[in-house]
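Worksheet for the structure shown next.
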Amino acid sequence: EAEVAQSPRYKITEKSQAVAFWCDPISGHATLYWYRQILGQGPELLVQFQDESVVDDSQLPKDRFSAERLKGVDSTLKIQPAELGDSAMYLCASSPNGAARSYNEQFFGPGTRLTVL
Amino acid sequence: AQSVAQPEDQVNVAEGNPLTVKCTYSVSGNPYLFWYVQYPNRGLQFLLKYITGDNLVKGSYGFEAEFNKSQTSFHLKKPSALVSDSALYFCAVRDTGTASKLTFGTGTRLQVTL
């Protein structure tokens, strides 16, 4: 069964350092999402891609976070510099179609747990 | 703005007993509703969804959910709980009219004991 891949699974860094997370969605899925899940809360959308284009990054802290999906396949989420409050689980998800077919469920990867010291 | 409420942080049930995990929502138009389950240190797994039609939706692992428009609820149910059902459950909603992002509730931890 096809799955969303993420790496690394765990990352420990010191504040002010740069970190990067990678996601490979299910083959053929046009839409890719990055979520942040703080302990005890539900996932919150950071950025949504339709192919290589950003369709929603309204909740992305653009002063320190960046995301790209250059060829419309895999994606990288970067934080620079990391802050203590960035400690969370970062989840990647994909779905076959974009906002026009918004009833499609999303398929989630295992996540990257970030700890900022 | 759309929102989801899961009023119970934790639900405890004995194995073999029926379980219910509650969810209420708020959208300006009609909702698409989803339930996901999360096991420790894992991503979310899709359980079931309501799009339109029959108010009773059946999903994976014997779970079902009932859409109630008048009460704006979408409670998750299972007739007979298993210890392996113990996990974190999230309800999520998307407004069909705006094609907006998926909004998740804060989650309910289900604990099934022998």
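First the proteins, then the strands, lettered A, B, ... as listed; each starts at 1.
When every heavy atom of Leu44(B) is checked against every heavy atom of Pro43(A), the shortest pair comes out as CD2-CG, 4.0 Å.
In Lys62(A), the NZ atom is crowded: over 12 heavy atoms of neighbouring residues, nucleotides or ligands sit closer than 6.0 Å. No more than 12 heavy atoms of other residues, nucleotides or ligands sit less than 6.0 Å from atom CD of Glu3(A). Enclosure of atom CD in Gln80(A) is not indicated, since only 12 or fewer non-hydrogen atoms of other residues, nucleotides or ligands lie within 6.0 angstrom. The 12-atom threshold is exceeded at CD of Gln41(A), counting heavy atoms of other residues, nucleotides or ligands nearer than 6.0 Å. Counting heavy-atom neighbours within 6.0 Å of Glu14(A) CD, excluding the residue itself, gives a total of 12 or less. Under a cut-off of 6.0 angstrom, the local environment of OH in Tyr39(B) is crowded, with over 12 non-hydrogen atoms contributed by other residues, nucleotides or ligands. Within a 6.0 Å radius of CG in Leu117(A), other residues, nucleotides and ligands contribute more than 12 heavy atoms.
Residue Glu44(A): no heavy atom, backbone or side chain, is found under 4.5 Å from chain B. Only the side chain of Gln38(B) comes within contact range of chain A, judged by heavy atoms closer than 4.5 Å. Heavy-atom distances place the side chain of Ile51(B), and not its backbone, under 4.5 Å from chain A.
Per-residue counts of heavy-atom pairs under 4.5 Å with chain B were compared for Glu105(A), Gln106(A), Arg9(A); the largest is that of Glu105(A). Listed options Gln59(A), Gln37(A), Gln6(A) were ranked by heavy-atom pairs under 4.5 angstrom with chain B; first place goes to Gln37(A). With chain A as the partner, the residue from Lys49(B), Gln6(B), Arg42(B), Gln45(B) showing the most heavy-atom pairs under 4.5 Å is Lys49(B).
How far CG of Asn104(A) is from CZ of Phe34(B): 8.0 Å, rounded to the nearest 0.5 Å. A distance of 5.0 Å separates CG in Leu102(B) from OH in Tyr35(A), rounded to the nearest 0.5 Å.
Between Phe108(A) and Tyr36(B), the distance separating the two ring centers is shorter than 6.0 angstrom.
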